[in-house]
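In what follows, a single structure is set out as structure tokens and then discussed.
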Number of protein chains: 2
Amino acid sequence: MVSIVSVAKVAGVSNKTVSRVINGEPYVTEETRERVERAIRDLGYVPNMAARQIRSSRSNTFGIIADYVSTTPYSVDIVRGIQDWANANGKTILMANTGGASEQEIKIWKMFQSHGIDGVLYVTMYHRIIDPETGDVGIPTVMINCRPKTSELLPSIEPDDYQGARDLTRYLLERGHRKIGYIRLNPILLGAELRLDAFRKTTGDFGLAASDLSIRLGMEGPVGAEKNYVFAAATEMLQQRDRPTAIMSGNDEMAIQIYIAAMALGLRIPEDVSIVGFDDFRTVSLALRPELTTAALPYYDLGLQGAELLNSVVAGSDVCPSSRVMSCNLVERLSVCSL
Amino acid sequence: MVSIVSVAKVAGVSNKTVSRVINGEPYVTEETRERVERAIRDLGYVPNMAARQIRSSRSNTFGIIADYVSTTPYSVDIVRGIQDWANANGKTILMANTGGASEQEIKIWKMFQSHGIDGVLYVTMYHRIIDPETGDVGIPTVMINCRPKTSELLPSIEPDDYQGARDLTRYLLERGHRKIGYIRLNPILLGAELRLDAFRKTTGDFGLAASDLSIRLGMEGPVGAEKNYVFAAATEMLQQRDRPTAIMSGNDEMAIQIYIAAMALGLRIPEDVSIVGFDDFRTVSLALRPELTTAALPYYDLGLQGAELLNSVVAGSDVCPSSRVMSCNLVERLSVCSL
DNA sequence: GAAAAATATGTCGACGTTGTCATGCGTCTG
DNA sequence: CAGACGCATGACAACGTCGACATATTTTTC
């Protein structure tokens, strides 16, 4: 193992001087600095993080604890955002998934503690309210895509589902749609309620009556084993005499079934029925024909901002532990037409 | 910080005895062991990995270096497999993404070295042949979902695209299909060639002529910015007088467009045209109606086995650095009918 | 019942790094 | 020119853990 000591020997200086060079401390002659740097290059020296950590009790490592995020296709962009931030700021990321099991969660907190993690990003796959088993370990924590249930608040960052659904609804209304169908997300998800509320409120404000709305449940049951009514619901909705001219889908994935249901009934998209999604899950939204108009969940930014926020918490700046919210931008594609 | 020393003080023994208890070494009375364990619990002691590593020069940590895997929806199951193995075997996972940039890659290898990583899993999003910039760091490495180009071989684990496509083709042939269309994956991907070869070979063996086959390119161009011809290709294919009774899609995602193309032409699936995918990317294969018959990429097992294999390499057992291959199981759903 | 073996516990140092303090040298101030 | 100051460097200890070795106690063996 090539250590600071071997570098010092080769450069003909003390180890402390090498340490100074490595850490960019002042009070080193240009000449010694160069000698040391050459020795570092020649020997291929790399600092030993474990030793640093033991000395400084700072690991420069953040932990991600997730339910399924990194192992599920949907919210990977959160992780990407975090990693990009970490990369740009010289931090390392240690990742663990609970798979939803709370005994796992406790084990993971212990593991984080063991590794002297500086801070934890608590990430969930679906936007929801939870009660993190922080294991009372006292590591600074920021929640991403979820919000703590209990009063002992942790700072959190969430997508603005309400605003996203409101913008989407307005978009349809502005294009002349007055009969609108809505196929609901699984009600366990926080987004489901927020999106539906926004839909109801916005159509109401615009003067639509309850009879102009056609609302159906698309999915229900435990995440990962839900019952799927989307195709049936869409088919039924589109067979009504007075069928909606536009359908809002709880998310993009569900929109696949709505497309297929519409086409099976011989309806053209968007001429006969307009469809909008939610999430901008691009594997779907860009694969559908016509491409899907939808509201983009700000996953990447959630990750980036979350890491940034955690960093300031760790650095000790007094972040008030409130919930920060990021907007969902409307992505206009070709699945909606004006009437 | 509660260390071994504080535990020793409380338990009234030497630190070495505490160390012995922690590591389950023999030669400790039942009585002392209990006293120590109680002290550990009372103080909430957790071993300090950094210190351990510095002492033993083993970190019990594996690194994942990926192009985009963990930040892309497709192959997250590889990561899940690795993490499950790590969890079950008390290893920790450090994860980094190159985003495809090779200067990133070098940086990441340095970082791994800095952290004293025991072994590295080199994972790619798409099955392909690459030349890893291992940074000549000499950390044991196993490649997952890819194969090294150069002669200095590293052990690798890959999916058996050929077998998967062969089984899928046979499945169609056995059900009486004699006119079969094929929409090709992006040819940069190793899977594209293997799958197409299998399709050609298997139909040929079965006695189909080239004229019975209708092969079109679905996508091309750099990953992430490819040109997409799928919808057009499928539409054109299905408008032929002598249209195929079944279409094999390069992957599940492309099948979305094939479904829509077929339906737009008023064709029913599977009565008028059968469709099979590849990958079993469940967000798609289970969302399509009828659900998609496909071959499942063994991603989870790739991860699990890869971690296992890396572990034996690290432990020093002489693993011959050859390529191991895992089969793609056919998943029968409802998108194919017998003629 | 003495020597040998097995069991139980302790002391000490080293891993690689950096913070604290000390030292040496040159330059400035009055 | 004495003292103060700024700069450049080094000596040393300490972080938490565990391996090597030493010591103390008990058990086995003939």
Side-chain angles (χ1 to χ4, degrees), chain A residues 1-40 43-61 90 92 110-118, chain B residues 1-40 43-61 90 92 110-118:
Chain A
M1 169 101 229
V2 21
S3 76
I4 244 181
V5 183
S6 20
V7 174
K9 231 173 258 165
V10 170
V13 297
S14 76
N15 11 6
K16 181 66 223 202
T17 300
V18 177
S19 169
R20 272 192 266 263
V21 172
I22 294 166
N23 297 294
E25 288 172 30
Y27 303 140
V28 182
T29 343
E30 197 47 42
E31 195 251 326
T32 6
R33 164 162 280 123
E34 268 164 24
R35 247 196 1 268
V36 171
E37 271 164 357
R38 156 174 300 273
I40 288 176
L43 294 168
Y45 165 81
V46 176
N48 181 324
M49 292 302 176
R52 269 196 187 164
Q53 179 179 347
I54 226 183
R55 218 29 270 273
S56 61
S57 53
R58 276 295 228 86
S59 62
N60 270 300
T61 303
T92 307
K110 277 245 164 66
M111 187 268 275
F112 279 171
Q113 210 183 164
S114 234
H115 280 273
I117 293 294
D118 296 333
Chain B
M1 169 104 228
V2 21
S3 77
I4 246 183
V5 183
S6 19
V7 175
K9 231 173 259 165
V10 170
V13 296
S14 77
N15 9 4
K16 181 67 225 202
T17 300
V18 177
S19 170
R20 270 192 268 263
V21 172
I22 294 166
N23 297 295
E25 288 173 30
Y27 304 140
V28 182
T29 342
E30 197 47 43
E31 195 250 326
T32 7
R33 166 162 279 124
E34 269 164 23
R35 249 200 355 271
V36 172
E37 272 165 356
R38 156 174 300 273
I40 289 176
L43 294 167
Y45 165 81
V46 176
N48 181 323
M49 292 302 176
R52 274 198 183 161
Q53 178 179 347
I54 225 182
R55 203 53 254 282
S56 61
S57 54
R58 278 294 227 85
S59 62
N60 271 301
T61 302
T92 306
K110 277 244 164 65
M111 187 267 278
F112 279 171
Q113 209 183 164
S114 234
H115 280 273
I117 292 294
D118 295 332

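Below, chain A is the first sequence line, B the second, and so on; all start at residue 1. Computed from a predicted structure; not experimentally measured.
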Whole Å only: how far is the [atom1] atom of [X] from the [atom2] atom of [N]?
{"X": "A:N15", "N": "C:dT20", "atom1": "CG", "atom2": "C1'", "answer": "15 Å"}
{"X": "B:R33", "N": "C:dT9", "atom1": "CZ", "atom2": "P", "answer": "10 Å"}
{"X": "A:E25", "N": "C:dT20", "atom1": "CD", "atom2": "P", "answer": "11 Å"}
{"X": "A:R35", "N": "D:dA8", "atom1": "CZ", "atom2": "P", "answer": "14 Å"}

N/O (side chain, [X]) to phosphate O (OP1/OP2, [N]) under 4.0 Å:
{"X": "B:Y27", "N": "C:dT7", "value": "yes"}
{"X": "B:S56", "N": "D:dC18", "value": "no"}
{"X": "B:N23", "N": "D:dC18", "value": "yes"}
{"X": "B:S3", "N": "D:dC15", "value": "no"}

Original post:
Using a cut-off of 4.0 Å on non-hydrogen atoms, how would the nucleic acid contact of B:P26 be classed: base, sugar-phosphate, or nothing?
Top reply: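 The residue B:P26 makes no contact with any strand.
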Original post:
Which part of the nucleic acid, if any, lies within contact of A:S57, taking any heavy atom under 4.0 Å across all strands shown: a base, the sugar-phosphate backbone alone, or nothing?
Top reply: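 Here A:S57 touches no strand at all.
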**OP:** Check whether the side chains of A:T92 and B:H115 place a donor and an acceptor atom closer than 3.5 Å, and report yes or no.
**Re:**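 The answer is yes; a qualifying pair exists.
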**OP:** Map B:R20 and B:R52 onto DNA chain D by nearest heavy atom, then report which one ends up closer to the 5' terminus.
**Re:**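 Residue closer to the 5' terminus by nearest nucleotide: B:R52.
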Subject >> Minimum side-chain heavy-atom gap A:T32-A:V21 below 4.5 Å >> reply: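 They are not in side-chain contact.
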Original post:
In terms of side-chain geometry, is the basic nitrogen of B:R35 or B:E31 positioned less than 4.0 Å from the acidic oxygen of its partner?
Top reply: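 Counted as a salt bridge, because a side-chain N and a carboxylate O are separated by less than 4.0 Å.
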